[in-house]
Amino acid sequence: MNSKQVMNHAADNIRILAASMVEKAKSGHPGGAMGGADFINVLYSEFLQYDPQNPKWEGRDRFFLDPGHMSPMLYSQLALIGKFTLEELQQLRQWGSPTPGHPEVDVMRGIENTSGPLGQGHTFAVGAAIAAKFLAARTGNPTFAKETIYAYISDGGIQEEISQGSGRIAGCLGLDNLIMFYDSNEIQLSTETKDVTTEDTAMKYRAWGWNVIEINGNDCEEIRTALTAAKAESKRPTLIIGKCIMGKGARKADNTSYEHNCKTHGAPLGGDAYKNTILNLGGDPENPFVIFDDVKELYAKRAEELKSIAAARHEEEAAWAAANPEKAAQLKEWFSGAAPKVDWAHIQQKANDATRNASATVLGALAQQVPNMICASADLSNSDKTDGFLKQTHAFTNGDFSGAFFQAGVAELTMACCCIGMALHGGVIAACGTFFVFSDYMKPAVRMAALMQLPVKFIWTHDAFRVGEDGPTHEPVEQEAQIRLMEKLKNHHGKNSMLVLRPADAEETTVCWKLAMENTDTPSALILSRQNINMLPEGTDYAQAAKGAYIVAGSDENPDVIMVASGSEVSTLVAGAELLHKDGIKTRIVSVPSEGLFRSQSKEYQESIIPTGAKVFGLTAGLPVNLLGLVGANGKIWGLESFGFSAPYKVLDEKLGFTAENVYKQVKEML
């Protein structure tokens, strides 16, 4: 056990570095970082288990930071264990720096998650804890049963609605491998917390089935005792509520206390206040970027301890691998991130089926052939047809993670973030389903998955106004345009930040699922119909869907008009083409499941499908802008420019012009 003196000195060292980073950047959040320094120091110097020689060790403990604005605390702590240099700390928030304003996932640097939008970070931790439980049950590798997921949350994260879903799920599933520290400092950016909330947080988490421990969050001995008790808990997740002091140790320009003050939350301390603070904490304002000698010794000792801890764990893993060589090889494959091997050719689809049903057929095959896949649904498994997967396995329950299905309840954003956490943990392939209109609830998580380049599979059914009698609340119109924007947005590696696929029929659904499973670089989305869809003409080469857009069988040479669509609208174009053929009009029909993928093909291929200058007609059940990049300024698009209406879907097709007859009419007007 380390002395209280050295532990307090190490925490003050973190406070000095954090405040100085923000001061040098002239931007940032010093107060929270200063208040949380005691907890993170105890965690890293005495509890967190990782391998200093192998940062990507699969069995490591993981630390998920929810309040990303507290990055100076994390970077300072990581500097103490050698992951960042003092020079890099001085580049906080600068161009090209490894220390951005909010942390971005970099496992080699000790950063497990990108954080920023409050509430998501701790929900990633819940997903990671589920993944660890699943891997322990599925492989028998003892390392996963010994793994602990730590999360750090703030007042803001507790207030975000996602904490309701996260807390409920973790408690319901009994995630005893999850320990969360709540930095309850009672100060927010613009108010004190008492101005916006009067709830009993401890009682709330106890009601969800958590083990709750309340402590002084700035007392290293109380933190140590709480973490020890949390590690010993065998049935429940643990919430440690630490009453912390915002801006602990801070002083104003007149040297009076600057603690517990909103002004320290989101701005540099500034001038004499900064100087007085550094002096008060035992640092040198002229040379603040220093690691004290006793703190170096503290962490050198911990590094040696970790070598022994990791060596013992690796020895245990090696014994398991020797006894289970096939499972060991399989586990290595899972953590490589490689696409799984699937027998796509033998997936039999039913003709003229809804694409949600076709997706269920594929999911049934994946459940049997991809043993590290977890599928989730937000209380819609029998409607979004993720039950195709569920029928081949069973759902997680408290104490039983031998299945592979995650029933998230009605919590779309929480579900998506849990799946992101699974992907961050590694070793699993995560997919989650709900109705497409509810992708609105998930968009913040989709964006984070894209930013972190995580291959989560988003399954969205009931893709258009053809939801019918459910009416406009359930009928997506603008949602496709919103998600398609993610295909246009590039990630920091210059790739489309997302793959978005809307298959035209049952067979194309299989190809789209194949593309999604083989996409290991970014998230994928499958947008699927509720209603049955006629098959594309016989002879269609569905494999061409891998190019994002391709010519459907039965199209004419030298067409008078090129007609483009995705999803169920493609079959409507086929029916319209039959009417146009009777008038001697030659047509080419192009199915475009993914414009983003199409635009990634060669210019020659793109030109061969939709030549420049051709007359192009587009049909979309969403906003016309969905097809604008394909049809061009000289073409014509028939889309929906209003909310939907409540009526049977075939009536809506007639009323809204999504018929062969209207396709005929609109094209004739073009020629």
Judged by atom type as modelled, is there a donor-acceptor pair below 3.5 Å linking the side chain of S591 to the main-chain atoms of Y550? no
For the pair T510 and Q349, evaluate side-chain hydrogen bond (donor to acceptor under 3.5 Å, both in side chains) and give the outcome as yes or no after the intermediate values. CA-CA 8 Å; T510 301; Q349 291 289 3; 3.0 Å; yes
Distance-only criterion, 3.5 Å: show the donor-acceptor pairs between side-chain atoms of residues 403-428 and protein atoms not counting sequence neighbours.
unit_1 : atom_1 : unit_2 : atom_2 : d
Q407   : NE2    : S381   : OG     : 3.4
H425   : NE2    : E147   : OE1    : 3.2
H425   : NE2    : E147   : OE2    : 2.6

Among P100, P98, S97, S71, exactly one meets side-chain contact (heavy atoms from CB on, under 4.5 Å) together with L92. Which residue is that? S71
Between OG1 of T114 and CG of L454, what distance do you get to the nearest 0.5 Å? 8.0 Å
Run the side-chain contact (heavy atoms from CB on, under 4.5 Å) test against A338 and tell me which residues pass, sequence neighbours left out. E333, S336
With no hydrogens and no angle check, do the side chains of T361 and Q348 hold a donor and an acceptor under 3.5 Å apart? no
Take D440 and Q482 through the side-chain hydrogen bond (donor to acceptor under 3.5 Å, both in side chains) test and state the conclusion after the steps. CA-CA 9 Å; D440 284 351; Q482 292 168 180; 3.2 Å; yes
Out of curiosity, I610 CD1 to I551 CD1, how far, rounded to the nearest 0.5 Å? 9.0 Å
Can we say R502 and E569 salt-bridge, meaning some charged N sits less than 4.0 Å from an Asp/Glu carboxylate O? yes
From CZ (R168) to CD (Q164), nearest 0.5 Å: 7.0 Å
Reported CD1-to-CE distance for the pair I533 and M535, which is rounded to 0.5 angstrom: 9.5 Å
Can a salt bridge be assigned to the pair E518 and K514 using a cut-off of 4.0 Å between side-chain N and carboxylate O? yes
Regarding E58 and T143, is there a side-chain donor-to-acceptor distance under 3.5 Å anywhere? no
Check whether Q392 reaches the backbone of Q368 with its side chain - one donor and one acceptor, N or O, closer than 3.5 Å. no
Measure across L501 and C512 and return the closest heavy-atom pair with its distance rounded to 0.1 Å. CD1-O, 3.3 Å
With N496 as reference, evaluate E595, R599, K490 under the side chain to side chain donor-acceptor pair (under 3.5 Å) test and give the passing residue. K490
For the atom pair CG (L627) and CG (L619), what is the distance rounded to the nearest 0.5 Å? 8.0 Å
Considering only heavy atoms from C-beta outward, does the side chain of K327 approach that of N141 to under 4.5 Å? no
Is a donor on one side and an acceptor on the other found under 3.5 Å between the side chain of R60 and the backbone of D51? no
Return yes if some donor-acceptor pair links the side-chain N/O of D66 with the main-chain N/O of H122 below 3.5 Å, else return no. yes
Backbone N or O of G156 within a donor-acceptor pair of the E160 side chain at under 3.5 Å? no
Least distance between heavy atoms, I562 atom then I609 atom: CD1-O, 3.9 Å
Hydrogens and angles aside, do E317 and W57 bring a side-chain donor and acceptor to less than 3.5 Å of each other? yes
Give a yes or no on whether the backbone of E508 and the side-chain of D505 come within a donor-acceptor separation of less than 3.5 Å. yes
In D384, I483, L528, L526, the residue satisfying side-chain contact (heavy atoms from CB on, under 4.5 Å) with W460 is I483
In this structure, CD1 of I169 is separated from CZ of F396 (nearest 0.5 Å) by 12.0 Å
